[in-house]
Amino acid sequence: MKQEKKYDIIVVGGGHAGVESALASARLGKKTALVTFSTDSIARMSCNPAIGGLAKSHLVKEIDVLGGEMAKAIDATGIQFKMLNTSKGRAVWSLRAQADKNEYSKYMISVISQTPKLEIIEDEAMGIIQEKNTIRGIILRNEKKLYSKKVILTNGTFLKGITHIGDVKIQSGRYGELPSQKLSQQLREIGFEVGRLKTGTPARITKRSIDFSKTTIQEGDKIPQPFSYATKNFNPKNIPCYLTYTNEKTHELINNDLSRSPLYSGKIDGIGPRYCPSIEDKVVRFEDKSQHHLFLEPEWENSEQWYINGLSSSLPIDTQIKMIKTIEGLENAKIVKIGYAIEYDYFPSYQIKHSLETKLIAGLYFAGQINGTSGYEEAAAQGLMSAINASREIDKKNAVVFKRNEAYIGVLIDDLCTKETKEPYRMFTSLAEYRLLLRADNADQRLYKYAKEINLNSQEQLKLFENNTLGTQELIKKFRKQSIKPNNLANIKTDKTQTINKLIKQHLINNKNIHLLHTTYFNNYSFESVDQAFVHSLYEGYINRQQQMVDKMKHLEQKRIPKNFDYKTVLSLSTEGREKLMKFRPETIAQATQIRGITPADIQILLIYLK
């Protein structure tokens, strides 16, 4: 009799969550299987061909520090890099890179194929194997079984996926790819709550049909910065994108055909992303606006296929064609792929712990869009953390759970576990109350100790992070003591001798001349250390204030709530508070404070009762 295969960890799904999950699992020494419909579709950019952007870049930097692959992949395959929000404070500076989507996928496939202990299995997960609410493995097509200690589901939009184009409905996980039909039904029968969400993508057009003279060129940075701390000799391509706009004719055409949109005709049950809506949703919700900007982006180097960023739509084909031709520069556009909406099953994320393990089935983890999130970066962060925690559970180690003041990953996962996800969740800087502490530029110093404990990154990188951290701490003290005179070697303008700290606070040392401070006075330190000491000095008062807020929350983080605590016995709780606490089952008082509907009075009552 043929012996069934056994693994430490099985990862289902080859998207951005699945890739990070499988790589981390195998690199941590666990025998891993990555189950995907097709090897060729691994790490496919099915929507926007880009990595990073507002707040998302913070996630990518954190993934890199912890030992993930996304930052290295985009540095190797990006075709334009640009730092956004540089006119604002450092907390919201965000790096964005346009990707060569073909090369990005090839890069990830190559890395996965060369990773020891990692096996790719082209098949479909039809169900899970569980015994006494504990995972045992998965069932593939033809009743074939794979056994494992842990299973991580990263199914993306494939769970009962339906593509909508006007009145047309096609069962698919992505356009032209089969959906997963049986898995979510089995999980529903086991007892998981299942919901429906919707996302979408715009049409693609040919480059030769665009009149670029009617658009505005958008180039990347002349001196680009990489995402990964490991990237050296960075000299990427700088292929431009172009800006154009919708207009009143576009909006009139959309309004006239709204009844043919499945979004407004009732054919789509799922809720779409509020902050990345379809063009028909934008026109309805922002009826006072006469135009919406659109970015024309190449999908790969020398690509004839271009992406219309901002024109996501599920309108009928004839309407989309007419709509596109009303846009300046696209009057003669030739459509390569039509835009569409996709509706899929997800599992409201109050059903997972902060480790991303499900509360219902021990050893079963959810990561990515299955939790109701949107975006490659959010998915990759969850994939990485699910594998780290699944591996640590096998090794009988505590899960790694970041606090909200430690990482954007911590904010992301805490939001998923304490807030009801009724629309696709997307990361924003505004969601992080300690965002001045959680800058993209200090990810290494924030997470160095965790990276060292997890031991997924290289020893060379861990040493670099340690040196940068120690260097920054030394320089913060030196900046308070060391003075600079007028007519100094660094050509920093000051009419009297002042400490570096005071010169920074007066903006006499700024982002433009910080490199002069480094090369003239502190070239025995890394530029990263000098830069971080500069940022700390500049925002010192605000940073101290946020740190005081963090300190106030610490005692609430230390107050744990028993796993099976009976909230029904606490009669003084508000009715809504009791219902939410029973539903979300927070592990600490600090987590309870993040749940919508929990009042300060509820928290005080809980504290008294637990004491």
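Here the structure is a predicted model, which means the values were calculated and not measured.
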Compare every heavy atom of Ser228 with every heavy atom of Lys72, then report the nearest pair and how far apart it is. CG-OG, 3.6 Å
Taking Asp551 for the side chain and Lys554 for the main chain, is one N or O donor matched with an acceptor at less than 3.5 Å? no
Side chains of Arg435 and Gln546: any donor to acceptor distance under 3.5 Å? no
Going by the angle between their ring planes, with limits at 30° and 60°, are Tyr104 and His16 parallel, tilted or perpendicular? tilted
Counting distance only, does the side-chain N/O of Asn371 pair as donor-acceptor with the main-chain N or O of Ser349 below 3.5 Å? no
Lys397/Glu453 salt bridge by N-O under 4.0 Å criterion: no
Backbone N or O of Leu330 within a donor-acceptor pair of the Asp211 side chain at under 3.5 Å? no
Distance, nearest 0.5 Å, that separates CD1 of Ile74 from OG1 of Thr231: 10.5 Å
Tell me if a side-chain donor or acceptor on Gln498 pairs with a main-chain N or O of Lys485 at a distance below 3.5 Å. no
For Phe212, does the CZ atom sit with more than 12 other heavy atoms under 6.0 Å from it, leaving out its own atoms? yes
For the aromatic rings, using the six-membered ring if either is Trp, is the centroid distance between Trp306 and Phe295 under 6.0 Å? no
Any salt bridge linking Arg446 with Glu406? Criterion: basic side-chain nitrogen under 4.0 Å from a carboxylate oxygen. no
Report yes or no: do Ser110 and Ser113 form a side-chain donor-acceptor pair below 3.5 Å? no
Tell me if a side-chain donor or acceptor on Thr154 pairs with a main-chain N or O of Gly13 at a distance below 3.5 Å. yes
Taking NZ, NE, NH1 and NH2 as the nitrogens, is one of them in Arg480 or Glu540 under 4.0 Å from a carboxylate oxygen of the other? yes
Any salt bridge linking Lys30 with Asp395? Criterion: basic side-chain nitrogen under 4.0 Å from a carboxylate oxygen. yes
I want to check something: taking the side chain as every heavy atom from C-beta on, are Ile409 and Leu66 in contact at a cut-off of under 4.5 Å? yes
Is Asp415 paired with Arg404 through a side-chain N to carboxylate O contact shorter than 4.0 Å? yes
Does either side chain, that of Gln591 or that of Glu557, offer a donor lying less than 3.5 Å from an acceptor on the other one? no
Would you please say whether a donor-acceptor pair under 3.5 Å links the side chains of Asn102 and Lys106? no
Going by the angle between their ring planes, with limits at 30° and 60°, are Phe227 and Phe81 parallel, tilted or perpendicular? tilted
To the nearest 0.5 Å, how far apart are CD1 in Ile352 and CD in Glu357? 10.5 Å
Check whether any side-chain heavy atom of Tyr450 sits under 4.5 Å from a side-chain heavy atom of Val400, and report yes or no. yes
Decide, yes or no, whether a salt bridge links Lys353 with Glu393 under the criterion of side-chain N to carboxylate O below 4.0 Å. no
Okay, side chain of Gln80, backbone of Gln218: is any donor-acceptor separation there less than 3.5 Å? yes
Ignoring hydrogens and geometry beyond distance, is a side-chain donor-acceptor pair present between Gln369 and Ser374 at under 3.5 Å? no
Check: Pro236 and Asp75 side chains under 4.5 Å, non-hydrogen atoms: no
Please determine whether a side-chain nitrogen of the Lys or Arg among Glu466 and Lys449 lies less than 4.0 Å from a carboxylate oxygen of the Asp or Glu. no
So which atom in Met70 and which in Tyr376 form the shortest heavy-atom distance, rounded to 0.1 Å? CE-O, 3.6 Å
Find out whether the Lys NZ or Arg CZ of Lys61 is both under 6.0 angstrom from the six-membered ring centre of Tyr229 and within 45° of the ring's axis. yes
For the side chain of Lys419 and the backbone of Gln594, is there at least one donor-acceptor N/O pair under 3.5 Å apart? yes
Indicate yes or no: at least one non-hydrogen side-chain atom of Val111 is less than 4.5 angstrom from one of Tyr107. yes
Under 3.5 Å, is there a donor-acceptor pair linking the side chains of Asn442 and Arg90? no
Hey, what's the ring geometry for Phe522 with Phe479, parallel, tilted or perpendicular (30° and 60° as the breaks)? tilted
Side chain Gln382, main chain Glu378, donor-acceptor under 3.5 Å: yes
His354 and Asp414: side-chain donor and acceptor closer than 3.5 Å? yes
Electrostatic pair Glu304:Lys207 at N-O distance under 4.0 angstrom: no
Any carboxylate oxygen within less than 4.0 angstrom of a Lys/Arg side-chain nitrogen, looking at Lys463 and Glu460? no
Report yes if some heavy atom in the side chain of Tyr242 is under 4.5 Å from a heavy atom in the side chain of Glu297; otherwise report no. no
Side chains of Asn238 and Glu219: donor-acceptor distance under 3.5 Å anywhere? no
